Structures are given as structure tokens and as C-alpha cells.
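Note on naming: letters A, B, ... go to the chains in the order of the sequence lines (proteins, then strands), and numbering restarts at 1 for each one. These figures come from a predicted structure and were not determined experimentally.
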2 protein chains.
Amino acid sequence: MSSLPVEQLDRRMTAVERREAILDAASAVFGERGYFGATTDQVARAAGISQPYVVRMFGSKEALFLAVIERAKASLLQSFRAALADWRAQGAADGDPCEALGPAYLEMLRERGVHTSLMQAFMQGSDPAIGRAARDGFLEIWGFLRDEAGISPEAARGFLADGMLINVLAGLEMPRAATSSAAAAELLAATLGDKAALLPGA
Amino acid sequence: MSSLPVEQLDRRMTAVERREAILDAASAVFGERGYFGATTDQVARAAGISQPYVVRMFGSKEALFLAVIERAKASLLQSFRAALADWRAQGAADGDPCEALGPAYLEMLRERGVHTSLMQAFMQGSDPAIGRAARDGFLEIWGFLRDEAGISPEAARGFLADGMLINVLAGLEMPRAATSSAAAAELLAATLGDKAALLPGA
DNA sequence: GTCTATAATACGATAGAC
DNA sequence: GTCTATCGTATTATAGAC
């Protein structure tokens, strides 16, 4: 056994574990403040480690952000594929797949920063590296809806539009306004029903 | 007459004119890079003046950003009110007002940074001042759709969702991908038809 | 695997001249 | 009305110890 104090022993992780912990923290911080607004020090504090170690693990802030949105996109697609498979296994093959994908999208709101960090990336289209990754990621979702789920262009457009409104309400932290504003309450009810409680700010 | 060289005379404006010129430049820069990503120096260069003068005119970067999104929201509402009045003047009072507001929304894409700077604000809900202004602005649009245009909650939700998808495609600069990606071309066609040419990146 | 110390730079804001 | 010069600070990234 090592002679280090127990506290320090507990805090050491493998590189893989630490990497995941940093991605969790970075997802929340980038989702709230955006690529430029978030600092590697905020990510480090959220992850309970030092700022230089965050940079060391991913090489640069940009590489960390790209890893965050790559993981968010992968989570989303994995969740969609699982929901689609379940739905098909229940013999609903002639119905509307969006009825299975919509609830899956809302459930992902429990995982912090998935929707908002993707959305922050979507707003950086003019950045060479981030913009390309963001467009590719968005188009991968489009391709899933069209090719794997077999949804028509018009229905896929409607599904994505609903998703983008949900993302905006998450970015706005709209539940913060719902206690004092009847309009906010009505908007949240019309968009999310009782699932509005899953939004940031609730 | 002043004895200053003509070049300098031409470049001098009243405070009001200069204020508008700075807001135009700031709208484009904030729209592309977001509140934190944009620098007051980038705004200054785009406006053809010095960085300290930008700060002097608005007091702070935050005050400038708040002025940008306030003006963008006002432009949008003004455009909506005009379109609604025109539509009603043509005796279409029993149809769907969204058929008049949709085209008005797309026409605003010609004014640089309106959609994207608002969208960048919507993603800063956790910021005390910007978040409050963003939520209030969004709810003012909602109130217009519901109270002035008389649109149902469900239809207003659908209209906003379509708008948010358009904003995301603008933030992504999706036309950049349309030449090499059939999926991008299909997505743009399904969402905007031939109006996709108005998006940034086209 | 993780830290402290620090270098290098970029940025917002102020002071003051013209 | 507008500029130049500059201060103070925040931030990314590196070096090197343990």
C-alpha cells in the first residue's frame, strides 16, 4: 500500500475515469456559458482538479470542447437508436417514429449540458474547426432521422424545429421566469407540458 | 467651415449616427461569435473606429450587447406588426396570421445579425443581466403572437419552433455544407426552400 | 496522476490630448 | 467627436516537481 493520506488516495483516478469526470464538468460549463464564455478554470473547479490538468488531459480548450460535443452527439444518437428499437419491437412499425424519439429527447435533459453544449456549438458556425464539427454533427442527426428512422423531410424538419425550441428554452433557463410571468408559464406548458421541470433553471 | 482635411470631415458623424453604425457592426460581430467570443476591438474595426471609442459610446461591452439585442427585438416586432397590418388590410382576417409573419421573418435575414445576435443572447440565460433581457425579449415575442396576432398557444409554439430552427441553421452557417453534402441541401430545402440563400454562409 | 508556479498574451476599460 | 497610450486583469498554456 501507498503511504499517501487517505484523502489523496480517494481522489486519484485512472486517466479514463478522470477524462469522463472532466467531460461531465465541461459539458455543464460549456453548456451554460458557451465556448468562449467558459474558462478551463471553471471546468477544473467543477471537476475538482487543477486548471493545468484539464488542459493537459485534452491538449487545448478547443480539443476539450470538441470532445464535449462529440460525446453529446453520440449520447443523443445512442438514445434515439434505443428508443427506435424499442418502439419497433412493440410492433408500431406503421406509426410515427417521432412519437418514440420525442420522449427520448426530453429524457436526455436529465443529463446535464447535452442539449445546451450542442446548441452553443451550433452558434459557432463561423469558427473553422468548431463550425465544421457542428455542421457535421447536425447533419448526422438529420441523416439518422431520414435514413435510419425513415422519417420524411417535412416531418424531420418539424421534429428538429421542436427540438431547437426546447434547446432555446433550456439556454434561456426559461423556468426562471415562469413564477412571475403568466406568458412564460403558458409558453412552457405549450412546449413541454409537465416536462418543463427538466429544463435548466427549474 | 472647419479647416480639417476633407477625409476627416467625411468620417466624423454625430453621436447618434455613430451609435447606429456601431450597433450595425456589433450586431454582425456578436451574431457570429457570441457575447464572450466577440471583442470590442473586432466591433471597432468593423465600424472603422478605435476600440476605446466603442466602449466610451456605450459604457461597457455588456451595455453594448444589451443595446444590440434590444434593437434586434424592436426590429423584429416592428417588421411583424407591419406584416400583420398589411395582411389584415387585405381582408384575410379569418386565415392564419403565421402566413404573413413567416415571410416577414425570412426577409429580416437580410439585416445582418438580427437572428443570430438574438440567438446568442438566448443561450446566455444563466447570466444575470443578459439572461433576464433575453427571457423578457423572448416573452415579448410570445406575447405579440398570442395577444396582438391572436395566435393559439399551439400554433405560436409551432411558429417559434420553425423560427428557432432557422436561427440554428443561420448560426451553423449551414449553406457552407450544402455544396458537398446532399443531406445539407435537403435539410435547407425542406426548411427554407429557395430562401436558404439568405442565410449566413451562403 | 496531479500539483504549483509562471510565462505569454489578449482584453476591457480609463486617462488625457486634440 | 475621436484618437493614442496604457493599466490591470483574466486566461490559456507550459515547465517541472512529486
Atom [atom1] of [X] to atom [atom2] of [N]: distance rounded to whole Å?
X: B:Tyr53; N: D:dT4; atom1: OH; atom2: P; result: 13 Å
X: A:Met57; N: C:dG1; atom1: CE; atom2: C1'; result: 8 Å
X: A:Phe58; N: D:dT12; atom1: CZ; atom2: C1'; result: 16 Å
X: B:Met13; N: D:dC3; atom1: CE; atom2: P; result: 11 Å
X: A:Arg45; N: D:dA10; atom1: CZ; atom2: P; result: 12 Å
X: A:Leu64; N: D:dT12; atom1: CG; atom2: P; result: 10 Å

Check [Y] with [X], please: is the shortest side-chain N to carboxylate O separation under 4.0 Å?
X: B:Arg33; Y: A:Asp127; value: no
X: A:Glu154; Y: A:Arg157; value: no
X: B:Asp24; Y: B:Arg112; value: no

Nucleotides 5-18 of chain C: protein proximity per nucleotide (B base, S sugar-phosphate only, - neither; heavy atom, under 4.0 Å): B-----SBBB-B--
For residues 35-60 of chain A, which residue pairs qualify under ring-ring contact (aromatic ring centres under 6.0 Å, His included), counting only residues two or more places apart or in two chains?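 Pairs touching residues 35-60 of chain A that pass the test: A:Tyr35-A:Phe65.
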Tell me the ring-ring contact (aromatic ring centres under 6.0 Å, His included) pairs involving residues 103-134 of chain B, sequence neighbours left out?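 Sorted pair list: B:Tyr105-B:His115, B:Phe122-B:Phe138.
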So do the side chains of A:Thr191 and B:Leu160 get within less than 4.5 Å of each other, counting heavy atoms only?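 Heavy-atom side-chain distance check fails, nothing below 4.5 Å.
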Can a donor-acceptor pair under 3.5 Å be found between the side-chain atoms of A:Arg12 and the base atoms of C:dG1?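 By the distance-only test, yes, there is a pair.
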